[in-house]
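Below you'll find the structure, written out as structure tokens, and then a few comments.
Owing to the predicted nature of the structure, the values given are computational and were not obtained by experimental measurement.
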Amino acid sequence: MQALPEAMQAYSAYQQGKTFNNIARKQEALAQQQAAAMNDTAVDNQQRAARNAAMQLSHARGDAAQSQLLREGSIAAREKDLATRLQDEISAQANAALDQATRTRQQGALQAWHTRNSAAQARTKATTAALGSVSSLFSGIAQQLSLPE
């Protein structure tokens, strides 16, 4: 009788589908956690970079003051250029970190989608095996009921 192996195969495929769904949930949660950690790190780095930029500007002003030059002309232009360059660096670093976090989220979602697709395939396999099991069962019953004359 072929019904028992097919029933076992159906149950196994069903369990595999459940496992894949659990894995998909964990993949998404992990990607979200990683992305959140990346965002937190990006914010910390941005704040640290802003403090460093303020310190660099302070040093530049101190150097200008020690040179006993007035804060006009080329000194003011250099200061403004330094401030702009530092702010651009901070913004670029923050954007890169946020982009990486977004890619991590997207990658996690894609992995979870692939895993859910595998779960759907396992459910289809389980259904097919279950139907085959029922068919084999009825076929076996039908053969036993038909008595030779």
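The two residues Ala112 and Glu28 have their closest heavy-atom pair at CB-CG, 3.3 Å. Ala42 and Ala97 make their closest contact through CB-CB, 3.4 Å (heavy atoms, listed as atom of the first residue, atom of the second, distance). Taking every heavy atom of both residues into account, Gly108 and Ala31 meet most closely at CA-CB, 3.5 Å. Asn39 and Ala101 get closest at one heavy-atom pair: OD1-CB, 3.4 Å. When all heavy atoms of Met38 and Thr104 are compared, the pair lying nearest together is SD-OG1, 3.4 Å. Contact record, Gln111 with Gln27: O-OE1, 3.2 Å, taken as the closest heavy-atom pair.
Between the side chain of Asn95 and the main chain of Ser91, a donor-acceptor pair closer than 3.5 Å is present.
To the nearest 0.5 angstrom, Thr41 atom OG1 is 9.0 Å from Arg48 atom CZ. Remark: Lys80 NZ to Arg85 CZ distance equals 15.5 Å, nearest 0.5 Å. Between the CZ atom of Phe20 and the CZ atom of Arg116 there is a distance of 13.0 Å, given to the nearest 0.5 Å. Atom CD1 of Ile90 sits about 6.5 Å away from atom CG of Leu86, to the nearest 0.5 Å. With rounding to the nearest 0.5 Å, the separation of OG in Ser118 from NZ in Lys125 is 11.5 Å.
Between Lys18 and Asn21, every side-chain heavy-atom pair lies at or beyond the 4.5 Å cut-off. Residues Arg25 and Leu30 are not in side-chain contact: their nearest non-hydrogen atoms beyond the backbone lie 4.5 Å or more apart. Contact check for Arg105 versus Gln32: side-chain heavy atoms found under the 4.5 Å cut-off.
Arg103 and Gln106 are not linked by any side-chain donor-acceptor pair at a separation below 3.5 angstrom, with hydrogens and angles left out of the test.
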